2 protein chains.
Amino acid sequence: MSRAPEKPQRRRLQGVTIADVAARAGVSIMTVSRVINGEGRVSDETRARIGEIIREMNYAPSPAARGLASAGVTRIGLLYTNPSGAYLSEFLIGVMDEISRTGDHLLLHRCDSPEAIDAAVSKLAEEGVDGVVLPPPLCDSERALDLLAKAGKPVVAVATAREDEGVLAVRLDDYAAARTMTEHLLALGHRKVAFVTGDAAQLAAQRRLAGFRDALAAAGLEPHAVAEGDYSYRSGIEAAIGLLDADERPTAIFAANDDMASAVMSIAHRRGLDVPGDLSVVGFDDSLLAVTSWPELTTIHQPIGEMARLAIELLLRHVRARRAGGEAGASSLQADYRLVVRESAAAL
Amino acid sequence: MSRAPEKPQRRRLQGVTIADVAARAGVSIMTVSRVINGEGRVSDETRARIGEIIREMNYAPSPAARGLASAGVTRIGLLYTNPSGAYLSEFLIGVMDEISRTGDHLLLHRCDSPEAIDAAVSKLAEEGVDGVVLPPPLCDSERALDLLAKAGKPVVAVATAREDEGVLAVRLDDYAAARTMTEHLLALGHRKVAFVTGDAAQLAAQRRLAGFRDALAAAGLEPHAVAEGDYSYRSGIEAAIGLLDADERPTAIFAANDDMASAVMSIAHRRGLDVPGDLSVVGFDDSLLAVTSWPELTTIHQPIGEMARLAIELLLRHVRARRAGGEAGASSLQADYRLVVRESAAAL
DNA sequence: ACGCAGTGCGTTAGCGCTAACATTCATGCA
DNA sequence: TGCATGAATGTTAGCGCTAACGCACTGCGT
């Protein structure tokens, strides 16, 4: 007997591979590949049989290999600044879901200051990212947008209120949502309705205010008062103090986000007011705070995860189209909002 | 003239590749690879020159290709249940940072109910993950731990208070941290200190309570009162009501997390008490709530991102060691906590 | 009878990178 | 002089997967 046929110098790295499936099915790996991707011409019979085997063997294609072979792994950058932690985590989960499906890479950079934006952008360039996702509030930062444009990186702005053509964007109709919320308050019988604005630098904040104003105007009403905030809990406290210590109190306060709405409730409680008995308070975003506050907030639900998924999909499509030569035009998507009625607002 | 030499049937997929660098440096790609990985025998001169070129060309190795060729891309699963959104986002960022460095994959599954855990675990098996990360509170779920062990998946528990040997874990010293916080309150002159517990099912919660008790005992004191909570804002409200409406009020309340501390402050305000004038309130976790509450919370800072990074590193090392044949033993790491003094606690 | 289009699959050549072995060229030393 | 020694670099063979093309075979019109 001669020497045993020693072959495996390179160890097996992954569990089941496409080759295993192909072998078991008695076809070439290409056929299996075609089944996985649901394309190409494969007879229904073969397709079914292979599908069966895939399930049986518990085979899951390696996104890395797939990316390498086809699209070339795309690198997506994500710039964030800690807004509401709850928003970010939902957003990240959405992004990850989509990214892990395709095997692409995600690179995170925090930028809390304008200088940090500069640093992050050059970092992204170094890392060779192919596109960048900008969740709020960065999606409306001129600086970030400019820098990225200069670096030639496609950008998808999420939840931006800008109306620029030629920019990839996933939007929420802030205006319509604010109108809907205001109409809800009106329907409850409120006539003295005040508003706490978000950060005036953000266009989405302006759209929310506009929606509020127009809904009132359509009912022949004027805002009872408009207090300036900047989306922070802190600013909500101050706005609430101004509103509630005034001579004539509103019967309802619409805050441009949940953080501020929560702050308003806190001050109302300190003034001995019952929510919603003496004062209705509503928010916007349906963040975690909306349900951890007491009473729970009536608010506008934004499908954050869904928007994140859409953003990645849009960006990926754009990047690949560009790589394939065609200058892919910009498109934008609109996500649906939903009015969530909870306990913080009641009929007058 | 004959036909032009048409070659590029397959398009260029990535920007600069290792081959470009090698060509420019006049060496083989292996040498460049060695420089990148900082291993192998390469003369200092060559190493320096190539390093230079890499920087110049702005080359970044493709994690996907790297993984494919070497370790085989590792698939890491992450089970989560929406605890504090702020915690999750910090945690995710830490995880992502580490994962994107290595080009591995991350698969997320939400499990809010026991049944969801079953579903998630079998999903993970289907997806062929090599290891699983369990952030709190799942890190202490017997069910999740058992199921995963049965499936043969290595697990790293983060911020668990379990002391099991043979389990990968990244821990915070909850006991010591709670003692430190209690001593802080004592140093401020408080003698009537009450505690709001976390979810009794979580061992970390028990450790925090134990730290509190022991610190008092060391000072010859007894807890003024101990109210049961479960980490939720809601439970904090109820605990606070019990504590503050009692005959003899405490002068300080230590809540086992920030959510409940925030709830305590809210109730205190409603009872007309000033924080920290009439009542000191402290939390634990240093979540976003700690700074969005008013006044800002004195709390214990947990290096969440860092712990997440450590967890991934530990898990990856374990998985690779296992794959290489050796049965890698379990190890655990301890992360540092820090007392953050803000405005919600003052001297008596 | 011939061409030609359309199916259903297989073959080949990589994607960007690394493990394992191979080669080259100076040394050292008996 | 001969040759093991080892340092610096190159070659080859993949990792798991897909794009692009190839090839046999069927059906159909003329």
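Remember, predicted model here, so these are calculated numbers, not experimental data. In what follows, chains carry the letters A, B, and so on, assigned in the order in which the sequence lines appear, proteins first and then strands, with residues in each chain numbered from 1. Just so you know, these numbers use all the heavy atoms, side chains as well, and skip hydrogens, waters and symmetry mates.
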Taking only distance into account, with no hydrogens and no angle test, what donor-acceptor pairs under 3.5 Å do side-chain atoms of residues 51-59 of chain B form with protein atoms, sequence neighbours excluded?
| from | atom 1 | to | atom 2 | distance (Å) |
| --- | --- | --- | --- | --- |
| B:R55 | NH2 | B:G51 | O | 3.3 |
| B:E56 | OE1 | B:R24 | NH1 | 3.3 |
| B:E56 | OE1 | B:R24 | NH2 | 3.2 |

Checking only heavy atoms, does the side chain of B:R34 share a donor-acceptor pair with the base of D:dG10 at less than 3.5 Å?
yes
May I have the distance from [X] (atom [atom1]) to [N] (atom [atom2]), rounded to whole angstrom?
X      : N      : atom1 : atom2 : result
A:I18  : D:dG16 : CD1   : P     : 11 Å
B:I36  : C:dT18 : CD1   : C1'   : 10 Å
B:I29  : C:dA19 : CD1   : C1'   : 12 Å
A:R75  : C:dG16 : CZ    : P     : 11 Å
B:R66  : C:dG16 : CZ    : C1'   : 11 Å
A:L68  : C:dG14 : CG    : C1'   : 10 Å
B:R47  : D:dA7  : CZ    : P     : 13 Å
A:D130 : C:dG16 : CG    : C1'   : 14 Å

Crowded around B:K123 NZ? As in, over 12 foreign heavy atoms under 6.0 Å?
no
Strictly distance-based, threshold 3.5 Å: is any side-chain N or O of [X] a donor or acceptor partner for the main-chain N or O of [Y]?
X      : Y      : result
A:D20  : A:T17  : yes
A:S33  : A:I29  : no
A:R171 : A:S332 : no
B:R66  : B:P61  : no
B:R75  : B:L107 : no

From C-beta outward on [X], which listed nucleotide comes closest to its side chain: [options]?
X     : options                : result
A:M30 : C:dC17, D:dA19, D:dG10 : D:dA19
B:P61 : D:dG16, C:dC17, D:dT9  : C:dC17
A:S43 : C:dT18, D:dC17, C:dC9  : C:dC9
A:S33 : C:dC17, D:dC17, D:dT18 : D:dT18
A:R41 : D:dC15, D:dC17, C:dT7  : C:dT7

Here the residues of residues 21-28 of chain B within 4.0 Å heavy-atom distance, strictly under, of DNA chain D are B:V27, B:S28
Quick one: is C:dG8 close enough that its OP1 or OP2 comes under 4.0 Å of any side-chain N or O from A:T46?
no
Side-chain N or O of A:T31 less than 4.0 angstrom from OP1 or OP2 on C:dG10?
yes
In Å, rounded to the nearest 0.5 Å, how long is the span from [atom1] of [X] to [atom2] of [Y]?
X      : Y      : atom1 : atom2 : value
A:L310 : A:L315 : CG    : CG    : 12.5 Å
B:I99  : B:I312 : CD1   : CD1   : 4.5 Å
A:M307 : A:D336 : CE    : CG    : 10.0 Å

How sharply is the helix from C:dA1-D:dT30 to C:dA30-D:dT1 bent, taking the axes over five pairs at either end and rounding to 10 degrees?
60°
